[in-house]
Asks: 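Would you mind keeping the following structure in view while I ask a few things?
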Amino acid sequence: WMFWYVRAVGRATELPCTRVDHAYLAQCLDYFDNILEDQIKYHQTTHARLENLAHRLHCASLGLLWITVASIVLHFLPHLLPHLNSSWTWEWPEPVWQCLTIFCAWFPALGAAFAAISNQGEFARIAKRSRAMAGHLACIRKDLADLKEDPSSLTSEKVTPLAFRASQVMVDEVLDWLVVFLDRPLMLHA
């Protein structure tokens, strides 16, 4: 649908009535530079946000695992102590016993839910993709800055491949999103 939309917008807009000279190409490069700057900022922010989210979900899952292990050990501690020393006998009070039982059931389920959210959301993968996109776009922006250094030598033959390269990188990124999220539909299992 993206290519259809681009063609529809192209048909709806008129051809520019301007002379393509050095000044016009410099103006186009400035516009192009602003787009690249916005895209780089977006991908840097997305990378930081999703990497943080993936890290927090991972840490929460591990923390819940360790709390579960501690709850299990505490749950069985009154049964293990008499085997270590026959003079140690005691039982947990009923509220503590109930809390430990709930922790042993609830925390693994919550940890598994966090792991499933992290897996379904692909946060770590998308964070890496955004970091790579920011790097690719920064390289293109550097090439653009090199072109802008000498405005008198600007030609459409130099600008067009750079614009095409940037647009291809952005389209590939959108297609990657499409593949990731169409391949992983959210389904309720019975």
Side-chain angles (χ1 to χ4, degrees), residues 1-10 12-13 24-70 106-151 154 156-189:
W1 67 269
M2 294 178 300
F3 297 114
W4 170 86
Y5 184 70
V6 167
R7 287 192 307 268
V9 168
T13 57
Y24 177 77
L25 288 173
Q27 182 183 8
C28 289
L29 287 180
D30 287 339
Y31 176 74
F32 186 35
D33 187 44
N34 289 337
I35 290 173
L36 288 177
E37 181 182 12
D38 290 344
Q39 285 292 305
I40 291 168
K41 285 179 185 176
Y42 166 78
H43 284 292
Q44 288 171 339
T45 302
T46 300
H47 167 255
R49 183 180 299 134
L50 292 181
E51 189 174 60
N52 188 20
L53 181 60
H55 178 72
R56 286 183 180 184
L57 285 170
H58 177 74
C59 288
S61 295
L62 283 178
L64 289 169
L65 172 69
W66 287 112
I67 291 172
T68 301
V69 169
W106 171 250
F107 288 158
L110 190 59
F114 286 162
I117 290 168
S118 181
N119 184 43
Q120 184 69 28
E122 300 248 3
F123 302 121
R125 180 181 185 278
I126 296 169
K128 288 177 186 175
R129 180 70 178 154
S130 284
R131 183 180 62 218
M133 278 296 296
H136 288 308
L137 295 174
C139 288
I140 294 171
R141 192 166 184 224
K142 183 192 173 302
D143 293 344
L144 182 114
D146 293 343
L147 269 179
K148 288 170 64 175
E149 283 181 4
D150 186 16
L154 284 178
S156 60
E157 289 82 18
K158 292 179 181 177
V159 174
T160 303
L162 190 61
F164 180 77
R165 194 171 106 206
S167 64
Q168 190 62 50
V169 166
M170 288 188 257
V171 166
D172 289 346
E173 191 250 345
V174 170
L175 291 175
D176 185 50
W177 274 85
L178 182 71
V179 167
V180 167
F181 289 106
L182 282 182
D183 187 44
R184 301 184 63 93
L186 184 60
M187 296 175 7
L188 297 175
H189 298 285

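If you read the sequence from its start, that first residue is 1, and numbering goes on from there.
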Asks: Using the side-chain hydrogen bond (donor to acceptor under 3.5 Å, both in side chains) criterion, which residues pair with D150? Sequence neighbours excluded.
Replies: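 Applying side-chain hydrogen bond (donor to acceptor under 3.5 Å, both in side chains) to D150 gives S152, S153.
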
Asks: Apply side-chain hydrogen bond (donor to acceptor under 3.5 Å, both in side chains) to K41 and list each qualifying residue two or more places apart in sequence or on a separate chain.
Replies: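 Counting only residues at least two positions away or on another chain, K41 forms a side-chain hydrogen bond (donor to acceptor under 3.5 Å, both in side chains) with E37.
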
Asks: With sequence neighbours excluded, what pairs up with D38 under the salt bridge (Lys or Arg N to Asp or Glu O under 4.0 Å) test?
Replies: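 Expected list: none.
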
Asks: List for me each residue that meets side chain to side chain contact (heavy atoms under 4.5 Å, CB included) alongside L57, sequence neighbours excluded, and say none if there are none.
Replies: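 Applying side chain to side chain contact (heavy atoms under 4.5 Å, CB included) to L57 gives L53, F114, I117, S118, F123.
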
Asks: Who are the side-chain hydrogen bond (donor to acceptor under 3.5 Å, both in side chains) partners of Q39, not counting sequence neighbours?
Replies: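 Once residues adjacent in sequence are excluded, Q39 has no partner under the side-chain hydrogen bond (donor to acceptor under 3.5 Å, both in side chains) criterion.
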
Asks: Under 3.5 Å, side chain of T160 to main-chain N/O of E157, donor-acceptor pair present?
Replies: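 No; zero donor-acceptor contacts below 3.5 Å.
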
Asks: Test of understanding: with side chain to side chain contact (heavy atoms under 4.5 Å, CB included), list the residues that count as partners of L29, not counting sequence neighbours.
Replies: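 F32, L144, L147, K148, L154, V159.
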
Asks: With rounding to the nearest 0.5 Å, note down the distance linking CG in L36 to CG in L162.
Replies: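 If I round to the nearest 0.5 Å, the distance is 7.5 Å.
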
Asks: Considering residues at least two apart in sequence or located in another chain, which fulfil the side chain to side chain contact (heavy atoms under 4.5 Å, CB included) criterion with Y24?
Replies: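 In terms of side chain to side chain contact (heavy atoms under 4.5 Å, CB included), with neighbours along the sequence ignored, Y24 is linked to P16, T18, V20, D21, Q27, C28.
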
Asks: Applying salt bridge (Lys or Arg N to Asp or Glu O under 4.0 Å), which residue pairs with at least one partner in residues 48-66 are found, sequence neighbours left out?
Replies: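 Qualifying pairs: none.
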
Asks: Hey, does K158 have a side-chain heavy atom less than 4.5 Å from the side chain of L25?
Replies: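 No, every pair of side-chain atoms sits at 4.5 Å or beyond.
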
Asks: I'd like to check the side-chain hydrogen bond (donor to acceptor under 3.5 Å, both in side chains) partners of Q168; sequence neighbours left out, ordered by chain and number.
Replies: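 Scan of Q168 (side-chain hydrogen bond (donor to acceptor under 3.5 Å, both in side chains), adjacent residues dropped) gives D172.
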
Asks: Can you list every pair that meets side chain to side chain donor-acceptor pair (under 3.5 Å) and has a residue in residues 59-70, with sequence neighbours left out?
Replies: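 Those involving residues 59-70 do not exist here.
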
Asks: V174: what forms a side chain to side chain contact (heavy atoms under 4.5 Å, CB included) with it, not counting sequence neighbours?
Replies: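 Applying side chain to side chain contact (heavy atoms under 4.5 Å, CB included) to V174 gives M2.
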
Asks: Shortest non-hydrogen contact from L64 to G111?
Replies: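 Reported closest heavy-atom pair: CD1-N, 3.6 Å.
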
Asks: Name each donor-acceptor pair under 3.5 Å that joins a side chain in residues 128-137 to protein atoms two or more places apart or in another chain, with its distance.
Replies:
residue: R129; atom: NE; partner: D176; partner atom: OD2; Å: 3.3
residue: S130; atom: OG; partner: H43; partner atom: ND1; Å: 3.4
residue: S130; atom: OG; partner: I126; partner atom: O; Å: 3.4

Asks: Among I40, T45, T46, exactly one meets side chain to side chain contact (heavy atoms under 4.5 Å, CB included) together with Y42. Which residue is that?
Replies: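 Among I40, T45, T46, the one that satisfies the side chain to side chain contact (heavy atoms under 4.5 Å, CB included) with Y42 is T46.
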
